[in-house]
Q: 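Below are the structure tokens for one structure; questions will follow.
Computed from a prediction, not measured in an experiment: that's the story for all the values here. So you know, we letter chains A, B, ... as the sequences are listed, proteins then strands, and number each from 1.
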Number of protein chains: 2
Amino acid sequence: MSATAPAPTSAASEAWLLMSRLFQGNRGQFFAVCQELKLSPPQAMALRLLEPGTPTPMSELAGLMHCDNSNVTGIVDRLEARGLVLRRPASHDRRVKHLVVTDAGADVRERLGTLMAQPPAALLRLSAAEQRQLVALLGKALAE
Amino acid sequence: MSATAPAPTSAASEAWLLMSRLFQGNRGQFFAVCQELKLSPPQAMALRLLEPGTPTPMSELAGLMHCDNSNVTGIVDRLEARGLVLRRPASHDRRVKHLVVTDAGADVRERLGTLMAQPPAALLRLSAAEQRQLVALLGKALAE
DNA sequence: TATTGTTATACTCTATAACTATA
DNA sequence: TATAGTTATAGAGTATAACAATA
């Protein structure tokens with residue numbers, strides 16, 4: 001018998017599962033933030049991914065959002081109609097349009113960032129030392 | 001002056017930010033899993049939230065998904081059309097319909113769980129000891 | 001020929017409101 | 001009256017394919 005382990009369940013996947021629960025439990029908060037800023041979730045994500053001062057081609061945003069270019073057209077249409085971003089022709093390639101976050105967009109984006117940075121209650125139950133330990137571990141995992 | 005701190009930026013919110021990056025970076029993987037199982041993201045979420053052997057009222061699923069009851073009707077319609085769940089009248093209240101995961105649904109749900117449990121590469125860069133440390137911290141945060 | 005962004009199409013998700021059948 | 005689930009409606013997100021302009 002090849003005695004397949006019942007489930008590898010490495011510590012890494014266990015940690016991932018716990019983080020997934022944290023996110024699932026925080027989804028309500030995310031929707032509330034979107035509603036407060038009058039953004040749909042995809043619009044909020046797009047605005048968060050666009051960096052003010054860094055013109056970004058539509059196709060690059062599509063890549064970051066893991067969706068088709070044609071979706072970005074509509075999402076950006078609505079952000080542009082609200083004056084949060086604007087389309088600007090790129091100088092080096094006339095097929096490309098750069099997305100630029102407007103001042104109004106940067107304002108909404110910052111509020112979005114502030115609200116979304118609010119950690120779930122679960123994390124606040126950890127002591128300050130434990131929180132720092134968590135930061136150190138996650139920082140190491142994400143280090144390039 | 002009430003000297004509002006420029007930004008609390010507790011270690012907790014920094015940890016939360018890092019976890020958010022981990023999730024953002026893993027979205028592509030999630031979409032790939034959905035596509036492989038031929039489930040839309042909401043369908044996948046619904047199937048994951050329904051526990052086989054635990055009949056669940058539609059409205060409870062709506063609550064877990066943070067959406068309106070009327071959305072669940074359509075999502076469940078499609079899951080039911082594929083034979084992954086079924087509706088069953090609840091005995092104690094004839095207004096309520098219980099959702100039951102079928103055997104086929106339990107199978108897909110388990111594959112979904114297995115694929116989604118796959119931790120992102122970043123977590124695998126941590127040593128086994130560090131991974132266990134992470135589990136301990138997250139476990140403490142999520143402890144009831 | 002290949003790529004960027006748009007348009008057309010069809011389907012899914014979403015919130016709201018109105019409806020039904022229960023309670 | 002209130003609640004569970006459905007239906008109707010309208011708007012938004014999604015993938016695919018076809019298209020124009022550009023490379």
Side-chain angles (χ1 to χ4, degrees), chain A residues 24 27-50 55-82 84-100, chain B residues 24 27-50 55-82 84-100:
Chain A
Q24 173 60 31
R27 277 177 65 84
Q29 165 69 10
F30 173 60
F31 291 138
V33 168
C34 287
Q35 190 164 25
E36 180 169 337
L37 298 180
K38 298 188 199 312
L39 294 167
S40 69
Q43 286 165 14
M45 181 160 315
L47 191 55
R48 210 163 68 105
L49 290 168
L50 292 174
T56 308
M58 311 263 303
S59 56
E60 188 175 325
L61 179 58
L64 292 169
M65 294 185 70
H66 304 286
C67 71
D68 193 81
N69 283 1
S70 62
N71 299 334
V72 173
T73 296
I75 293 168
V76 167
D77 279 351
R78 290 175 271 278
L79 289 175
E80 194 169 28
R82 277 186 55 189
L84 303 181
V85 307
L86 54 82
R87 280 178 244 235
R88 202 167 59 188
S91 50
H92 64 295
D93 184 336
R94 285 161 61 184
R95 291 172 302 179
V96 175
K97 290 180 190 171
H98 277 158
L99 298 173
V100 179
Chain B
Q24 174 60 31
R27 278 178 64 86
Q29 165 68 11
F30 173 60
F31 290 137
V33 167
C34 286
Q35 190 164 24
E36 179 169 338
L37 298 181
K38 298 187 200 313
L39 294 167
S40 70
Q43 287 166 14
M45 183 159 313
L47 191 55
R48 211 163 70 105
L49 290 168
L50 293 174
T56 308
M58 311 262 304
S59 55
E60 187 176 325
L61 179 58
L64 292 169
M65 295 185 70
H66 305 285
C67 71
D68 194 81
N69 283 2
S70 61
N71 299 334
V72 173
T73 296
I75 293 168
V76 167
D77 279 350
R78 291 175 269 278
L79 288 175
E80 194 169 28
R82 278 186 53 188
L84 303 181
V85 306
L86 54 83
R87 280 178 244 235
R88 203 168 56 187
S91 49
H92 64 294
D93 183 337
R94 284 162 57 184
R95 293 173 301 182
V96 174
K97 291 179 190 172
H98 277 158
L99 298 174
V100 179

Q: Any idea which of D:dG5, C:dT6, C:dC13 is nearest the A:R87 side chain?
A: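 Out of D:dG5, C:dT6, C:dC13, the nucleotide with an atom closest to A:R87's side chain is C:dT6.
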Q: How close or far is atom P of D:dT14 from atom CG of A:D77, stated in whole angstroms?
A: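 One finds 14 Å between P of D:dT14 and CG of A:D77, rounded.
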Q: How close or far is atom C1' of D:dT14 from atom CZ of B:F30, stated in whole angstroms?
A: 14 Å
Q: Whole Å only: how far is the NZ atom of B:K97 from the P atom of C:dT22?
A: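 Roughly 10 Å, once rounded to whole Å.
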Q: Show the nearest heavy-atom pair for residues A:F31 and B:M65, with the distance to one decimal.
A: CE1-O, 4.1 Å
Q: If you define the side chain from C-beta out and look only at heavy atoms, does anything of A:M45 sit under 4.5 Å from B:R27?
A: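 Yes; the side chains approach each other to less than 4.5 Å.
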Q: To the nearest angstrom, how far is A:K38 atom NZ from C:dA15 atom C1'?
A: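 Going from NZ in A:K38 over to C1' in C:dA15 covers 14 Å.
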Q: Which nucleotide in the set C:dT6, D:dG5, C:dT16 lies at the smallest distance from any side-chain heavy atom of B:D68?
A: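 In terms of side-chain proximity for B:D68, the closest of C:dT6, D:dG5, C:dT16 is C:dT16.
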Q: For A:R27 and C:dC13, what is the distance between atoms CZ and C1' respectively, to the nearest whole Å?
A: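 Going from A:R27 (CZ) to C:dC13 (C1'), I get 12 Å.
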Q: Please determine, for the side chain of B:R78, which listed nucleotide (C:dT12, D:dA4, D:dG13) has the closest atom?
A: C:dT12
Q: Taking atom P of D:dG5 as reference, at what distance in whole Å does atom CG of B:L61 sit?
A: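 Answer to the nearest Å: 10 Å.
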Q: When you get a sec, tell me which of D:dT14, D:dT16, C:dT4 is the closest nucleotide to the side chain of A:I75?
A: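 Among the listed nucleotides, the one closest to the side chain of A:I75 is D:dT14.
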Q: Can you tell me which nucleotide in D:dG5, C:dG5, D:dA12 comes closest to the side chain of A:P57?
A: C:dG5
Q: What string of B, S and - do you get for nucleotides 18-23 of chain D, 5' to 3', when a contact is any protein heavy atom under 4.0 Å?
A: ---BBS
Q: Can you list, pair by pair, the side-chain donor-acceptor contacts under 3.5 Å of residues 75-82 of chain A, counting residues two or more places apart and other chains?
A:
from, atom 1, to, atom 2, distance (Å)
A:D77, OD1, A:R87, NH2, 2.2
A:R78, NE, A:G74, O, 3.4
A:R78, NH2, A:G74, O, 3.4
A:E80, OE1, A:R87, NE, 2.9
A:E80, OE1, A:R87, NH2, 3.4
A:E80, OE2, A:R87, N, 3.0
A:R82, NH1, A:K38, O, 2.4
A:R82, NH2, A:L37, O, 3.4

Q: Could you tell me if the side chain of B:L61 sits less than 4.5 Å from the side chain of B:L49, heavy atoms only?
A: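 Yes, at least one pair of side-chain atoms sits under 4.5 Å.
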Q: Any side-chain heavy atom of A:V33 sitting closer than 4.5 Å to one from A:L39?
A: no
Q: If each of A:S70 and A:F31 is mapped to the nucleotide of DNA chain C with the nearest heavy atom, which maps nearer the 5' terminus, i.e. the 5' end?
A: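 The answer here is A:S70.
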Q: Compare side-chain N and O positions of B:N71 against OP1 and OP2 of C:dA15 and report whether any pair is under 4.0 Å apart.
A: yes
Q: How is A:S40 classified with respect to the nucleic acid when contacts are heavy atoms under 4.0 Å: base, sugar-phosphate, or nothing?
A: sugar-phosphate
Q: What is the distance, rounded to the nearest whole Å, between atom CZ of B:R82 and atom P of C:dT12?
A: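 Whole-Å distance recorded here is 11 Å.
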Q: D:dT3 P sits how many Å from B:M58 CE, rounded?
A: 18 Å
Q: Using the side-chain contact (heavy atoms from CB on, under 4.5 Å) rule, take A:M58 and A:N69 through it: C-alpha gap first, then chi angles, then the decisive distance, then the call.
A: CA-CA 7 Å; A:M58 311 263 303; A:N69 283 1; over 6 Å; no
Q: For A:A90 and A:H98, which heavy atoms make the closest approach, and how far apart are they?
A: CB-CE1, 3.6 Å
Q: Give the nucleotide from the list D:dA12, C:dG5, D:dT6 with an atom nearest to the side chain of A:Q43.
A: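 Closest of the options to the side chain of A:Q43: D:dA12.
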